Amino acid sequence: MHSSEQELFNHKIDQEVRIEPKDWMPEDYRRMLIRQMSQHAHSEIVGMLPEGNWITRAPSLRRKATLIAKVQDEAGHGLYLYSATETLGITRDETIEQLHAGKAKYSSIFNYPTLSWADIGAIGWLVDGAAIMNQVPLCRASYGPYARAMIRICKEESFHQRQGFEILLTLSRGSQAQKEMCQDAINRWWWPSLMMFGPNDDASPNSQRSMQWKIKRFTNDELRQKFVDVCVDQVKILGMGLPDKDLKWNAETGHYDFGEINWEEFYEVLKGNGPCNHERLEARKKAHAEGRWVREAAAAHSMKKNNLNTREIYGTQSAK
Ligand code: FAQ
């Protein structure tokens with residue numbers, strides 16, 4: 001490391017100038033980004049599975065078309081993020097291998113099952129809602145390719161959040177059974193959604209450095225609190241409740257106090273012991289193995305196309 005390079009890097013971070021792939025960056029900064037961005041990409045791809053489960057059972061053509069579009073958007077987010085991660089000098093194959101080997105994490109939330117149609121509404125409202133709260137500040141992350149990818153992702157996530165809320169709103173105005181289904185889904189997804197923000201600040205080993213480098217702009221607890229405050233108001237529109245008896249307005253802090261998160265459950269899910277960890281990883285590995293011929297065909301096609309172009313450029317042989 002040359003100190004001038006480090007100084008230039010520090011200066012850019014101070015001055016809010018984006019770091020770009022060809023710029024010098026500290027090795028730890030690169031590693032921090034590869035970790036977070038690849039885990040984020042994996043979350044998008046694994047996140048397609050719980051909802052994909054309901055495509056064949058969506059209650060109307062409109063709901064089915066919307067859900068297919070949403071799940072397809074998640075695939076697109078995964079692809080932008082894998083591509084952005086590749087700019088840091090790691091290949092997509094390597095990052096996917098880390099996921100399949102169980103070395104790289106993906107969001108804990110996707111290890112829970114989708115038991116009823118109302119879960120699709122709850123995922124949109126709460127899971128996409130939490131994702132937006134966490135990801136809007138990432139549009140200002142110091143690494144250019146990550147920040148730019150997040151802009152489009154956030155726009156799509158807000159559509160996802162609204163479609164989820166609308167599903168719940170419809171159920172909340174339906175029959176008694178539909179109302180109960182709606183409340184049951186909220187009860188099951190509420191606490192895992194709060195866990196999405198990560199451990200409390202005093203147990204978050206990456207936060208401090210990530211904030212210094214302006215990758216993260218808010219701490220896990222700050223974002224979680226904002227999310228709780230927003231949801232308390234939104235759940236009233238649904239005429240439903242949140243499953244937390246300790247939820248209470250605190251006039252002093254200007255925020256809602258809320259109950260203790262079950263961190264034991266969170267760490268069990270991270271260790272691979274959540275309700276669906278095994279199923280999710282197996283589904284990803286199977287899809288990857290079955291898609292092998294597509295990847296090979298695409299690579300062969302691209303090679304052929306490049307050869308033809310080379311011939312065209314040098315005019316040696318006309319392409320037949
Ligand atoms: N699940 O020191 P920190 C979506 C890990 S949204 C699993 O606080 P950091 C959209 C963490 O990696 C979901 N692991 O870490 C969608 C670290 O382990 P490591 C994805 C978690 O990075 C919606 C350790 O705990 N969003 O996909 C979780 O500063 C609907 C210590 O934690 C993103 O990835 C967790 N919940 O803060 C798709 C956003 N929390 O790596 C389909 C980008 C923490 O040292 C349907 N990521 N860990 O071994 C971030 O903002 C951050 O990485 C945090 C964690 C906030 C998730």
Side-chain angles (χ1 to χ4, degrees), residues 28 31-54 67 69-78 80-81 84-85 98-99 102-112 114 119-141 143 146-147 149-150 153-154 156-161 163-164 189 191-213 215-224 227 261 263 265-272 274 277 280:
D28 287 351
R31 268 200 294 271
M32 172 77 89
L33 284 167
I34 290 177
R35 179 190 65 81
Q36 175 167 328
M37 289 165 66
S38 64
Q39 292 184 5
H40 193 165
H42 301 326
S43 303
E44 299 283 355
I45 298 292
V46 177
M48 296 165 74
L49 296 168
E51 290 172 292
N53 192 28
W54 278 87
L67 183 56
K70 178 183 194 285
V71 172
Q72 201 169 315
D73 283 351
E74 313 295 0
H77 299 173
Y80 315 149
L81 289 167
T85 311
Q98 290 173 353
L99 171 70
K103 285 185 204 147
K105 295 187 172 75
Y106 58 87
S107 184
S108 50
I109 192 78
F110 302 117
N111 293 304
Y112 291 84
T114 40
D119 287 18
I120 301 306
I123 290 181
W125 176 43
L126 294 174
V127 177
D128 284 282
I132 295 168
M133 195 58 88
N134 163 272
Q135 291 174 18
V136 166
L138 292 174
C139 296
R140 293 189 290 118
Y143 187 55
Y146 194 27
M150 290 319 303
I153 293 178
C154 285
E156 292 176 349
E157 300 287 25
S158 26
F159 152 70
H160 296 171
Q161 195 266 356
Q163 69 84 40
W189 289 93
W191 291 104
S193 298
L194 295 191
M195 293 175 195
M196 282 176 74
F197 294 93
N200 288 137
D201 293 349
D202 57 9
S204 162
N206 298 299
S207 277
Q208 201 191 355
R209 265 215 303 190
S210 184
M211 303 266 293
Q212 278 165 358
W213 279 326
I215 300 170
K216 279 162 87 160
R217 298 281 180 160
F218 295 95
T219 70
N220 299 355
D221 286 331
E222 284 168 347
L223 292 172
R224 192 172 8 247
F227 179 69
I261 291 171
W263 291 114
E265 175 182 323
F266 173 75
Y267 288 112
E268 277 304 308
V269 174
L270 257 58
K271 272 195 265 169
N277 291 61
R280 300 286 184 244

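What you are looking at is a predicted structure, and each value in this text was computed from that prediction instead of being measured. Quick note: residue numbers are just sequence positions, from 1. Atoms within a ligand are numbered from 1 in the order they appear, just like the ligands themselves. Both backbone and side-chain heavy atoms feed into the values below; hydrogens, waters and symmetry mates do not.
Residue Asn134 has at least one heavy-atom neighbour below 4.0 Å for each of these atoms of ligand 1: 39 (C), 43 (C), 50 (C), 51 (O), 56 (C). Distances below 4.0 Å separate heavy atoms of Tyr106 from the following atoms of ligand 1: 1 (N), 7 (C). When each atom of ligand 1 is checked for a heavy atom of Gly47 under 4.0 Å away, the hits are 42 (C), 46 (C). Residue contact check: Val127 has heavy atoms under 4.0 Å from atoms 23 (C), 30 (C) of ligand 1. When each atom of ligand 1 is checked for a heavy atom of Glu51 under 4.0 Å away, the hits are 46 (C). If you number the atoms of ligand 1 from 1 as listed, the ones under 4.0 Å from a heavy atom of Met195 come out as 36 (N). The contact set between ligand 1 and Glu74, taken as ligand atoms under 4.0 Å from a residue heavy atom, comprises 16 (C), 30 (C), 38 (C), 42 (C), 46 (C). Under a 4.0 Å criterion applied to the non-hydrogen atoms of Pro205, ligand 1 contributes the atoms 2 (O), 31 (C).
Using cut-offs of 30° and 60° for the angle between ring planes, the Phe227 and Phe197 rings count as tilted. Ring pair Phe266/Trp263 is perpendicular by interplanar angle, where above 60° counts as perpendicular and below 30° as parallel.
Protein heavy atom nearest atom 25 (O) of ligand 1, with residue, atom name and distance: Leu270 CD2, 3.9 Å. In terms of protein heavy atoms, atom 18 (O) of ligand 1 is closest to Lys105 NZ, 3.2 Å. With respect to atom 40 (N) of ligand 1, the closest heavy atom belonging to the protein is Gly198 CA, 3.2 Å. From the protein, the heavy atom lying nearest to atom 15 (O) of ligand 1 is Asn206 ND2, 3.3 Å. The single protein non-hydrogen atom nearest to atom 37 (O) of ligand 1 is Lys216 NZ, 3.0 Å, given as residue, atom name and distance. In terms of protein heavy atoms, atom 12 (O) of ligand 1 is closest to Gln39 OE1, 2.9 Å. Of all protein heavy atoms, the one lying nearest to atom 36 (N) of ligand 1 is Ser108 OG, 3.1 Å. Looking at atom 11 (C) of ligand 1, its nearest protein heavy atom turns out to be Arg35 NH1, 4.0 Å.
At least one donor-acceptor pair closer than 3.5 Å links the side chain of Ser43 to the backbone N or O of Ser107. A side-chain donor-acceptor contact under 3.5 Å links Asn277 to the backbone of Val269. When atom types are taken as modelled, the side chain of Arg140 and the backbone of Arg217 share no donor-acceptor pair closer than 3.5 angstrom. Between the side chain of Ser207 and the backbone N or O of Asp201 there is no donor-acceptor pair closer than 3.5 Å. Put simply, the side chain of Trp54 gets close to the backbone of Thr114: a donor and an acceptor are under 3.5 Å apart. Between the side chain of Arg280 and the backbone N or O of Tyr112 there is at least one donor-acceptor pair closer than 3.5 Å.
Residue Gln212 places its CD atom among more than 12 non-hydrogen atoms of other residues, nucleotides or ligands, all under 6.0 Å distant.
At least one heavy atom of Glu157 sits closer than 4.0 Å to an atom of ligand 1. Contact analysis puts Tyr146 in contact with ligand 1, with a non-hydrogen atom separation below 4.0 angstrom.
Close N/O approach between Asp128 and ligand 1 is not found [any backbone or side-chain N/O within under 3.5 Å]. Ligand 1 has a nitrogen or oxygen under 3.5 angstrom from a nitrogen or oxygen of Met196.
Counting heavy atoms under 4.0 Å from ligand 1, residue Phe197 touches it through the backbone alone. Neither the backbone nor the side chain of Ile109 has a heavy atom within less than 4.0 Å of ligand 1. Under 4.0 Å from ligand 1, the heavy atoms of Gln135 that appear belong solely to its side chain.
Here CE of Met32 is found 13.0 Å from CE of Met37. Values are rounded to the nearest 0.5 Å.
Between Asp28 and Arg31 there is a salt bridge, with a side-chain nitrogen of the basic residue lying less than 4.0 Å from a carboxylate oxygen of the acidic one.
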Criterion side-chain contact (heavy atoms from CB on, under 4.5 Å) on Glu74 and Asp128, from CA distance to verdict: CA-CA 11 Å; Glu74 313 295 0; Asp128 284 282; 4.0 Å; yes

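A donor atom on one side chain and an acceptor atom on the other are not found under 3.5 Å apart for Tyr80 and Glu44. Side-chain contact check for His160 and Gln163: no donor-acceptor pair (N or O, by modelled atom type) lies under 3.5 Å.
Within the 4.0 Å cut-off (strictly below), no protein heavy atom is located near atom 54 (C) of ligand 1.
Here the shortest heavy-atom distance to atom 44 (C) of ligand 1, taken over Ser38, Gly164, Pro199, belongs to Pro199. In the candidate list His40, His160, Gln36, Gln161, His40 is nearest to atom 33 (C) of ligand 1, counting heavy atoms.
The only option from Leu138, Leu81, Ile132 that meets the side chain to side chain contact (heavy atoms under 4.5 Å, CB included) definition with Ile153 turns out to be Leu81.
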